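What follows is a set of notes on a single structure, which appears directly below.
Counting starts at 1 for both ligands and their atoms, following the listed order. Here the structure is a predicted model, which is why all the values come from computation and not from measurement.
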Amino acid sequence: MIVEQIWTGNAYRNFNYLLVCDDTGEAMAVDPLDHEKCLMAARMNDWEITQILNTHEHFDHTGGNSAVIEATGAKLLAHSNAKGSISGMDRGLKAGDVIKVGRTVELEALDTPGHTMSHICLLSHTDMPALFCGDTLFNAGAGNCHNGGHPAELYDTFVNQLTQLPDDTLIYPGHDYLANNLGFTLDREPDNVKAGTLFEDVKDQDPNAAKVTTLALEKEINTFFRLQSPSVISALREAFPDLPDRPDPKTVFLKLRELRNNW
Ligand SMILES: [Zn+2]
Ligand SMILES: [Zn+2]
């Protein structure tokens with residue numbers, strides 16, 4: 001599988017993706033907001049976009065659908081519950097559904113509520129595990145729940161699905177927030193050496209050649225995976241003095257999500 005990460009350069013810092021079968025050149029466009037850049041990348045490489053996947057219904061993920069469909073005739077896939085909020089869907093996805101692209105690419109749909117309640121992450125079944133995680137998981141961060149989401153559902157998604165994936169899974173989120181999110185990690189956990197070193201590496205990075213993390217690295221630098229860290233918990237107690245001695249992971253996650261909203 002070829003993964004083409006496309007930096008949109010917009011104010012929301014979206015990443016779009018083309019997932020390509022290197023045998024047939026057929027491609028799936030993931031959240032192709034910047035339809036011009038997506039279509040251009042396909043044209044330059046002689047790839048044919050046959051499917052579009054929207055991870056969820058927000059406009060910065062669906063806004064390029066009609067232009068790409070008009071240019072390519074691609075079929076539109078999204079969460080089965082998004083039928084009312086995404087127009088022109090051809091296929092509604094449920095947990096465990098498999099999507100084929102060309103001959104060699106197989107992607108599994110994960111039903112990952114939290115950021116919205118109709119959010120799909122795609123997990124590749126091919127040569128390398130890779131997760132296309134929209135606004136559920138960001139590099140060093142977690143999606144917000146302001147526009148149709150629920151923090152408790154996001155916690156369940158993190159604990160029951162994301163942390164269970166193989167450690168070498170490559171993480172491809174819907175936005176470039178890595179440097180900013182590392183600032184939050186370091187605010188919550190100033191002694192996180194790995195996060196400090198990585199911040200120095202990526203703070204001036206070119207988003208056209210963005211750092212790709214793995215799940216193993218996320219578990220070291222992403223506060224939302226570090227719910228048992230003594231320094232995360234003690235810093236959290238400064239903000240929430242009522243926090244119990246040994247807070248359960250769900251409480252820690254929800255408090256972190258709350259702090260992140262105003263950070
Ligand atoms: Zn969103
Ligand atoms: Zn978004």
* Reported NZ-to-CG distance for the pair Lys37 and Asn14, which is rounded to 0.5 angstrom -> 10.5 Å
* Asked: Are His175 and His61 an aromatic pair by the rule of ring centers under 6.0 Å?
  -> yes
For residues 82-90, which side-chain donor-acceptor pairs fall under 3.5 Å, sequence neighbours excluded?
from, atom 1, to, atom 2, distance (Å)
Ser85, OG, Ala82, O, 3.2
Asp90, OD2, Leu76, N, 2.7

* What do you reckon, is NZ of Lys219 surrounded by more than 12 foreign heavy atoms closer than 6.0 Å? -> yes
* To do: For the pair Phe132 and Tyr172, name the ring-plane relationship: parallel under 30°, tilted 30 to 60°, perpendicular over 60°.
  => parallel
* Among His56, Glu153, His146, which residue meets the side chain to side chain contact (heavy atoms under 4.5 Å, CB included) test with His115? -> His56
* **In the protein, N/O/S atoms that are found under 2.8 Å from the Zn ion (ligand 2), waters not counted** => Asp60 OD2, His61 NE2, Asp135 OD2, His175 NE2
